[in-house]
Amino acid sequence: MILAAFGVTSAVAALVMLGVVARRVTRRLREARVRRLTAQHRPLLLSLVAGDPPEAREAATAVAALDTASWRVLEPAVVALLAKVRGEGHEEVVRLLGTRGVLVRARRDLHRRRASRRAAAADLLGRAQVPGTVRSLVRLLDDRDADVRHVAARSLGRLGSASAVPSLLRALAAEPPRVPPAAVAQALLRIGPAGAPDLLTAVDHPVAVVRSTVVVVLGRLGVTGAGTALRGLLAGDPLTDVRCLAATALGALGMPGAVPDLVRATRPGSPGALRVAATRALGDLGASSTVAVLDGLLHDPDARVATEAGHALLGLGVPRADVLARSTPSSVVAVAERVPALTGAA
Amino acid sequence: MSDFVAGDLRDAVALVMDLSLWPVLVYFLLLNSSYLALVLLAAREGSLNRRRASFTDHDETLSSPLTPAVSVLVPAYNEEAGIVASVSALLALRYPRHEVVVVDDGSTDATFARLVEAYGLVPEARRIPDDVATTATVLSVHVPADGRTPLVVVRKTNSGRSDALNVAINVARHELVCFVDADSLLDPDALTVVARPFVDDPARVVASGGVVRAVNGSRVVAGRVVEARMPQGWLPRIQVMEYLRAFLLGRAGWSRIGALVLISGAFGLYRRDVLVEVGGLDPTCIGEDFELCVAVHRAMRDQGRDYRVVAVSEPISWTEVPSTRRVLGSQRRRWHRGLLEVLWRHRRMIGNPRYGRVGLVALPYYVVFELLAPVLELVGAALGPLALVTGLLEPARALAVVLAVYAYAMFVSMAALAVEEFSFHRYGRWRDLAVSVGVALVENLGYRQLTAWWRLQGLWAGLRRREQVWGVMTRQGFGTEAATPSPSAA
Amino acid sequence: MTTILVADDDADIRDLVSFKLEQAGYRVVAVGDGVQALDAVRAELPDLAVLDLMMPGLSGLDVCAQIRREPASATLPVIMLTARVQEQDVATGFATGADDYVTKPFSPRELLSRVQAVLARVPVAATAP
């Protein structure tokens, strides 16, 4: 009995090994073929994407006429180029994908049973920025598969249509969010200022993650009209996280009008994290009127606030030596000065 | 001899045999089956990842404004040879916002001078918060004079790796902190990959661990592994396979069932606020990385939080493994002693339903199949010959038993090899495949028993130590691990 | 002949940039990482360098800073290729001494015109091979 077990196990182990070898052989062969074909057609692809118009057209015609087997090998390389160029080169690639029927297939694949097919299709349509796919992609934000929802959000960002903003925010408002907040933020950034009106109506959304995402995006986009709303959140949002993000966004917007609000947020009564964020934001904001406040914060009992104040002052162009001298109890300075001596000794 | 064996001893051995042969066999069957289960879980994960590859966009993590900033913490004790190369590789990791915090743990060589020279360090007046308790005295803080390179170098009195990392946690300014060893080599996308779980599920992920592989023998250019290769010498070769099984497959499996309790200290990412909550690393504990991860689980479960600790399955961090028996032996003794300490400290969690799968599955597994493994291993190894000598088992039957156990272990190794081949295929040369098969054939002959012996020694040392001087641990200098030569990065 | 150094770890980008520049009549030296880029700067004495911001080992910013430190290449014009469209990085790029930047995904034609514009700004004496 035991010997039989040994025999069976060894046989299975040997089979597994054979599988590994077979897999390796087939992969090697396939890779060699892919390498050969891509190397062979490389100049064609380069002219297609980076050539002058007549040359690019010529290359497009040549690739469009390739036999199906070669095209299938080449297709991933062509699709990869979509992510790397914009302008005419990008348009050429999209046109070629259209001619070869790849885009039609992708639209069909949006409804496949297998999640990875739906996700890949949504990804391709986004990269190719095919107009008229916004509605299908918005529907995929409710897909049962998390990857598909994620890719759909990303592709909506690439398409850049402001009409998708409410749906993206809705996907975020679910509990738990149907799409990672980072993916929604990225999509909203790609859509850009055109989405600002919808973003502004969402600053007092009841779901915290919606508010925080919107705050970050508004700051990054530099939507100056958001100043009032952000100051409101800084002063009164129930969540410290959101208040911190509002402070950071105000710093990024660089509006001097926000200085009093930020200074108020640095006062000792505020939560520690908010004081740190507000101090950093004062530095980002870059108004020289804040130097006096930051000077005061250098002596703050909270080490983190003091450090941020130092960095902020350096950012505002105050010489390092001044910051050092102003900031610290004499003992620390003494240690700092001793260090070059230590270096020399080492 | 035969006289000696003939009497009572023979009866005693017969009794032991009767009582233990089947339990030992069943134990090995279960042990290898558990490996196999983990390998299969990893295989599933691998095939999902492979399908995902076509539409995963790493650039998204790189460019999203919500990608959390990371402080990379590097403890350094007498690392003058490699420190500048590792710091510059860490600074050049592809990531949107990260700083590198080097803690010079009272080095007696030119570690600090090298950094000053390379980055033009100037002193900075920074008060360091005391979020985590530390014992060392911080001497000074330095930053590059150019004002843009995100590097902080802290000098402190020597107090060991754990305390150095605790100082680094205090110094860290960002919301995530990443532990790396000064002599590890990271793939350029390592941070992006290991931070991805935090980006995708920011509300729940509190820690993620990367895969660590053995760098020995691989081609390294400018601090980067450009081609994975099998090393010369069977000792490191076997370890390459060990790391493969343990990190790549084992942890992916544990992560999948939500019970990952071990994140390697050579490459792990944590939320800083969670580390502050659990008080950072415990300098009195030898298995400090394991302890930290278990402590995080414990704290999260105690608070009833919905949280995740995950492993990413891409190979991303490379470390030099010992190539001599002496160094390997002391490493394994230390690991096993650490394992014992951590399990003992958190014994309340073991089998406790309050701690979910961590308490009911992962920790009991570590007790039975890791902590006790060397004991059973050696009992098994001793029983066979003893039974033969005493004539209790006829040679054919004994051989069959040994062969069956051996074949199963080999099969598991092959399965692991197959998952690596199908999912990652990092080792491209045919020679390496042949060597891997060779390892699967020979690792159970000698190596396995040798490590079992070392682990048993570690276990014993741990047991004795606790009876005598519990809590007054002599500090393990950070230099112990660095006894291995650093990778030929230069 | 005007020589341009192209450093990017992405082979597609490297090839596309090289193709476009070679078509425009420049001699191109293409490398895959920061360390090789510095070596090429010293060995080839290019007239302009196109550097990727995020390269493994040694980033474009580090390479640029080093180029500025070395007297032989201190005035070498540098164009930064960056995947990130964050103002902060661009500002850092300029602070380190980059002359211009191009964001990825990029337009080959736009890159070429920036190269031409930057070269036109350089005094003739410096571009003579």
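All chains are named by letter (A, B, ...) in the order of the sequence lines, taking the proteins before the strands, and each is independently numbered beginning at 1.
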Legend entry - Among A:Leu189, A:Val20, A:Val151, residue most engaged with chain B (heavy-atom pairs, under 4.5 Å):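 Answer, by heavy-atom pair count under 4.5 Å with chain B: A:Val20.
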Less than 4.5 Å apart, side chain to side chain, heavy atoms only: is that true for [X] and [Y]?
| X | Y | answer |
| --- | --- | --- |
| B:Phe411 | A:Ser10 | no |
| B:Asp200 | A:His150 | yes |
| B:Leu417 | A:Met17 | yes |
| A:Val25 | B:Trp430 | yes |

In terms of heavy-atom proximity below 4.5 Å to chain B, should [X] be classed as side chain, backbone, both, or neither?
| X | result |
| --- | --- |
| A:Val79 | neither |
| A:Val148 | neither |
| A:Asp300 | backbone |
| A:Arg27 | side chain |

Taking all heavy atoms of [X] and all of [Y], pick out the closest pair and write down the distance.
| X | Y | answer |
| --- | --- | --- |
| A:Arg220 | B:Pro65 | NH1-CB, 3.4 Å |
| A:Arg304 | B:Asp131 | NH2-OD2, 3.2 Å |
| B:Val199 | A:Ala182 | CG1-CB, 3.2 Å |
| A:Pro301 | B:Arg127 | O-NH1, 3.6 Å |

Heavy-atom proximity to chain A below 4.5 Å, by part of [X]:
| X | value |
| --- | --- |
| B:Leu121 | neither |
| B:Val143 | side chain |
| B:Val141 | neither |
| B:Asp273 | neither |
| B:Arg173 | both |
| B:Val437 | side chain |
| B:Asp306 | neither |
| B:Ala418 | both |
| B:Pro202 | side chain |

Inset, instruction - Mind running side-chain contact (heavy atoms from CB on, under 4.5 Å) on A:His311 and B:Glu124 for me, showing each step along the way? - result: CA-CA 10 Å; A:His311 280 278; B:Glu124 184 182 69; 3.7 Å; yes
Inset, instruction - Ignoring hydrogens and angles, tell me if any N or O in the side chain of A:Arg23 forms a donor-acceptor pair with the backbone of B:Phe422 under 3.5 Å. - result: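 Looks like yes, one N/O pair under 3.5 Å.
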Legend entry - Test item: A:Arg24 side-chain N/O and B:Arg429 main-chain N/O as donor-acceptor pair under 3.5 Å: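 Such a contact is found between A:Arg24 side chain and B:Arg429 backbone.
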Inset, instruction - Evaluate the side-chain contact (heavy atoms from CB on, under 4.5 Å) criterion for residues B:Leu66 and A:Val184: first the C-alpha distance (whole Å), next the side-chain angles of each, then the deciding distance (0.1 Å), finally the verdict. - result: CA-CA 10 Å; B:Leu66 292 188; A:Val184 172; over 6 Å; no
Inset, instruction - Could you grab the distance from atom OG1 of B:Thr56 to atom CG of A:Asp147, nearest 0.5 Å is fine? - result: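 Spacing of OG1 (B:Thr56) from CG (A:Asp147) equals 7.0 Å.
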